[in-house]
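Below: one structure, written as structure tokens.
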Amino acid sequence: MKLETTYYKTPIGTAKIVGDSNGIQSVSVLDNGEISEDNFKEETPSCLKDCVLQLKEYFNGERASFNLTVNPKGTTFQKKVWKALLEIPYGKTRSYLEQSKALGDVKAIRAVASANGKNPLWIVIPCHRVIGSDGSLTGYAGGIWRKKWLLAHENPVKQQSLF
């Protein structure tokens, strides 16, 4: 089956979406200089349209979770780690240590962090919600600024009234 690709402009860069009728294989975010305008002239393949729509809803603040058929490529362990990421609620964070405990092996913290870093479905599988035990924004393949942006997007600071 031929993999299809489409691009969608987001506030944190251009999302590159790859998949086929078996599901979305990857969502990565590129810096705008990594892509040409020609990539946006093609029509979105039908198997990727729902992903584009759900990403648009997410960035518009209208969606807290994704309902997509996904088909990421990875090891059995990586897929187990990625599945556990889906259990972190929208607007919440979990430390790498807590993630390791949730997977049943506190000693696997480095392996869990490595698997998080290889997550091919950015945003859809929310690896940005995993932080350091001290609350620091560590380890995000797309850059710490994107992780910070995504966490702020999911949990905006509420302006308190003075009166």
Side-chain angles (χ1 to χ4, degrees), residues 1-8 10-31 34-35 44-45 47-59 63-155:
M1 185 153 300
K2 180 180 177 277
L3 285 176
E4 301 282 358
T5 302
T6 196
Y7 299 89
Y8 170 67
T10 79
I12 59 170
T14 300
K16 178 182 179 182
I17 305 162
V18 179
D20 58 25
S21 59
N22 292 324
I24 304 301
Q25 213 171 73
S26 70
V27 174
S28 55
V29 181
L30 310 172
D31 291 318
E34 295 180 69
I35 188 155
T44 301
C47 61
L48 305 178
K49 283 184 177 179
D50 201 31
C51 185
V52 170
L53 174 67
Q54 290 189 36
L55 282 170
K56 183 178 181 179
E57 291 170 346
Y58 171 84
F59 283 108
R63 174 173 290 278
S65 63
F66 293 86
N67 183 18
L68 297 166
T69 301
V70 295
N71 188 21
K73 299 296 178 222
T75 66
T76 301
F77 177 76
Q78 288 170 335
K79 289 178 181 180
K80 181 179 173 185
V81 170
W82 301 335
K83 187 174 182 185
L85 290 169
L86 295 170
E87 296 170 14
I88 305 172
Y90 180 87
K92 302 292 182 191
T93 58
R94 185 180 283 169
S95 72
Y96 289 99
L97 179 60
E98 291 169 325
Q99 195 68 353
S100 298
K101 287 178 182 176
L103 288 160
D105 187 356
V106 71
K107 293 178 185 160
I109 190 167
R110 288 184 190 272
V112 167
S114 176
N116 276 7
K118 291 179 174 67
N119 170 20
L121 288 159
W122 290 12
I123 303 167
V124 174
I125 296 179
C127 56
H128 61 275
R129 295 180 189 154
V130 183
I131 60 173
S133 294
D134 62 357
S136 62
L137 301 184
T138 61
Y140 191 64
I144 296 298
W145 76 270
R146 283 190 176 107
K147 183 173 192 163
K148 185 176 182 179
W149 191 98
L150 290 165
L151 292 173
H153 174 70
E154 292 183 6
N155 200 2

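Just the heavy atoms: all of them, side chains too, but no hydrogens, waters or symmetry mates, feed the values below.
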To the nearest 0.5 Å, tell me how far [X] [atom1] sits from [Y] [atom2].
| X | Y | atom1 | atom2 | answer |
| --- | --- | --- | --- | --- |
| Asp20 | Glu4 | CG | CD | 8.0 Å |
| Lys80 | Leu103 | NZ | CG | 5.5 Å |
| Cys47 | Ile24 | SG | CD1 | 6.5 Å |
| Ile131 | Thr93 | CD1 | OG1 | 3.5 Å |
| Leu85 | Arg129 | CG | CZ | 9.0 Å |
| Ile125 | Leu86 | CD1 | CG | 5.0 Å |

Can you tell if the side chain of [X] reaches within under 4.5 Å of the side chain of [Y], non-hydrogen atoms only?
| X | Y | result |
| --- | --- | --- |
| Val70 | Trp82 | no |
| Leu48 | Tyr8 | no |
| Ile88 | Gln99 | yes |
| Asp105 | Val112 | no |
| Val27 | Cys51 | yes |
| Thr14 | Lys16 | no |

Would you check if the side chain of [X] reaches a backbone N or O of [Y] as a donor-acceptor pair within less than 3.5 Å?
| X | Y | answer |
| --- | --- | --- |
| Lys147 | Thr138 | yes |
| Glu57 | Gln54 | no |
| Glu154 | Gly91 | yes |

Does any pair with a residue in residues 107-116 pass side chain to side chain donor-acceptor pair (under 3.5 Å), and if so which ones, sequence neighbours excluded?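 Found Ser114-Lys118.
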Considering residues at least two apart in sequence or located in another chain, which fulfil the ring-ring contact (aromatic ring centres under 6.0 Å, His included) criterion with Trp149?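 Result, ring-ring contact (aromatic ring centres under 6.0 Å, His included) vs Trp149: Phe59, His153.
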Taking all non-hydrogen atoms of both residues, which atom of [X] and which atom of [Y] are closest, and how far apart?
| X | Y | value |
| --- | --- | --- |
| Asn22 | Thr69 | O-CG2, 3.5 Å |
| Arg94 | Ala84 | NH1-O, 4.0 Å |
| Phe77 | Ala111 | CE2-O, 3.6 Å |
| Gly142 | Arg146 | O-NH1, 2.8 Å |
| Val29 | Ile12 | CG1-O, 3.3 Å |
| Pro126 | Val124 | CD-O, 3.6 Å |

Dump the intermediate steps for side chain to side chain contact (heavy atoms under 4.5 Å, CB included) on Leu121 and Phe66, then the final yes or no. CA-CA 11 Å; Leu121 288 159; Phe66 293 86; over 6 Å; no
List the residues meeting side-chain contact (heavy atoms from CB on, under 4.5 Å) with Leu97, not counting sequence neighbours, and say none if there are none.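 Leu97: side-chain contact (heavy atoms from CB on, under 4.5 Å) contacts with Ser95, Lys101, Val106, Ile109, Ser133.
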Listed partners of Thr76 passing side chain to side chain donor-acceptor pair (under 3.5 Å), at least two apart: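 Per chain and number, Thr76 pairs via side chain to side chain donor-acceptor pair (under 3.5 Å) with no residue.
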Check salt bridge (Lys or Arg N to Asp or Glu O under 4.0 Å) between Glu98 and all other residues, then give those that pass, not counting sequence neighbours.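 Salt bridge (Lys or Arg N to Asp or Glu O under 4.0 Å) check on Glu98 returns nothing, list empty.
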Quick one: which residue pairs count as a ring-ring contact (aromatic ring centres under 6.0 Å, His included) with a foot in residues 90-139, not counting sequence neighbours?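 Sorted pair list: Trp122-Tyr140.
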